[in-house]
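Just so it is clear, the values below take in all heavy atoms, side chains as well, and ignore hydrogens, waters and symmetry mates.
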Protein chains: 2
Amino acid sequence: MQTNEALDIEATANVLKLLGDKTRLTMVKIMSEHECCVCEFVDLFDMSQPAISQHLRKLKDSGIVNEARRGQWIFYSLNQTSSYYSFIQTVIKDLPSQAFKVEELTAQGKRICCD
Amino acid sequence: MQTNEALDIEATANVLKLLGDKTRLTMVKIMSEHECCVCEFVDLFDMSQPAISQHLRKLKDSGIVNEARRGQWIFYSLNQTSSYYSFIQTVIKDLPSQAFKVEELTAQGKRICCD
DNA sequence: CTAATACATAACCATATGCTTATGTACTTA
DNA sequence: TAAGTACATAAGCATATGGTTATGTATTAG
């Protein structure tokens with residue numbers, strides 16, 4: 001197993017607190033598999049659009065995720081340059097894939113693509 | 001890297017929430033290196049004894065730590081039979097060792113030993 | 001320009017969290 | 001048996017958290 005650099009214990013606790021919410025943890029797992037825009041998350045979770053935005057804001061403020069506007073949509077993705085990127089990958093590695101959820105979106109014609 | 005069994009996403013979020021507190025995360029790191037009794041934790045953290053007990057209770061209720069009474073003292077240690085044991089080991093692997101804290105206790109004659 | 005869509009922000013509220021002090025219980029020792 | 005030590009539990013309180021509804025701001029389409 002790879003040995004990484006030492007992590008600060010307080011900063012790590014803050015990252016774990018962010019991941020310690022079912023919605024955000026699921027979001028992060030999803031983003032580890034696809035980038036996603038806000039309206040897709042709104043379709044995936046039984047929750048209002050502002051609630052989704054507020055979760056994404058916490059993740060963005062911590063530097064864990066990136067946002068990128070493309071036209072009307074803002075896509076969120078894991079920030080691969082974050083110093084916690086590999087740590088997060090390790091933490092979510094054995095969580096069940098959420099790809100099926102995005103496939104359901106596609107089946108319902110709700111998937112957003114900007115190609 | 002070893003591939004472990006899939007973890008439930010909600011249960012994992014609950015474990016991460018427990019670890020997402022600086023005090024508990026430090027406690028868990030300490031317990032991964034030594035077992036510890038409550039009065040030692042009280043000496044290690046700038047916090048009242050009930051506050052320490054309440055953190056330990058949360059960790060115990062979730063099954064990630066064990067308690068064992070030895071005489072007057074109750075020692076807490078990581079529960080190696082917990083289904084989250086290896087997950088927790090992975091999460092805390094790169095945190096700085098807290099052994100120096102226990103060494104300070106020993107230097108001050110505050111370390112409890114039941115040999 | 002106007003309307004619609006996507007998203008963010010503000011204000012509010014109920015519940016959760018993490019501490020405190022006070023007190024109860026178990027064990028040890030004199 | 002009585003007192004001291006270690007720990008748990010209860011109650012109270014301030015703040016954090018996570019949701020809601022209402023509204024503001026970009027961007028796109030007509």
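- With a 6.0 Å cutoff to the six-membered ring centre and a 45° limit on the axis angle, K22(A) does not count as a cation-pi contact of F45(A).
- Checking Y84(A) against T12(A) by side-chain atom types alone, a donor-acceptor pair falls below 3.5 Å.
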Table of protein N/O atoms under 3.5 Å from nucleotides 16-22 of chain C N/O atoms:
unit_1  : atom_1 : unit_2 : atom_2 : d
dG18(C) : OP1    : D21(B) : OD2    : 3.3
dG18(C) : OP1    : R24(B) : NH2    : 3.4
dG18(C) : OP2    : R24(B) : NH1    : 3.1
dG18(C) : OP2    : R24(B) : NH2    : 3.4
dG18(C) : OP2    : K58(B) : NZ     : 2.7
dC19(C) : OP2    : H55(B) : NE2    : 2.1
dT20(C) : OP2    : S48(B) : N      : 3.2
dT20(C) : OP2    : S48(B) : OG     : 2.6
dT20(C) : O4     : Q54(B) : NE2    : 3.1

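- Relative to the six-membered ring of F75(A), R69(A) misses at least one condition, a distance below 6.0 Å or an angle of at most 45° to the axis.
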Take R111(A) and E40(A), measure what salt bridge (Lys or Arg N to Asp or Glu O under 4.0 Å) needs, and give me the verdict at the end.
CA-CA 7 Å; R111(A) 184 96 169 99; E40(A) 291 172 321; 2.7 Å; yes
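- Rounding to whole angstrom units, CD1 of residue I74(B) and P of dA6(D) are separated by 12 Å.
- dT25(C) atom C1' lies 13 Å from atom CD of Q72(B), rounded to whole Å.
- Residue R57(A) places no side-chain N or O under 4.0 Å from the OP1 or OP2 atom of dA8(C).
- Nucleotide dT25(C) holds its C1' atom 9 Å from the CZ atom of R69(B), rounded to whole Å.
- With rounding to whole Å, E40(B) atom CD is found 17 Å from dT5(D) atom P.
- Look at CE on M27(B): it is 12 Å from P on dC7(D), rounded to the nearest Å.
- Proximity of Y76(B) to the phosphate of dA8(D): a side-chain N or O atom is located under 4.0 Å from OP1 or OP2.
- No more than 12 heavy atoms of other residues, nucleotides or ligands sit less than 6.0 Å from atom CD of E10(A).
- Between the NZ atom of K22(B) and the C1' atom of dA16(D) there is a distance of 18 Å, given to the nearest Å.
- Rounded to an integer number of Å, the gap from CZ of R70(A) to C1' of dC7(C) is 15 Å.
- In the model, T26(B) has no side-chain atom that pairs as donor or acceptor with a side-chain atom of Q98(B) under 3.5 Å.
- As a whole-Å value, the separation of E67(B) CD from dA6(D) P is 17 Å.
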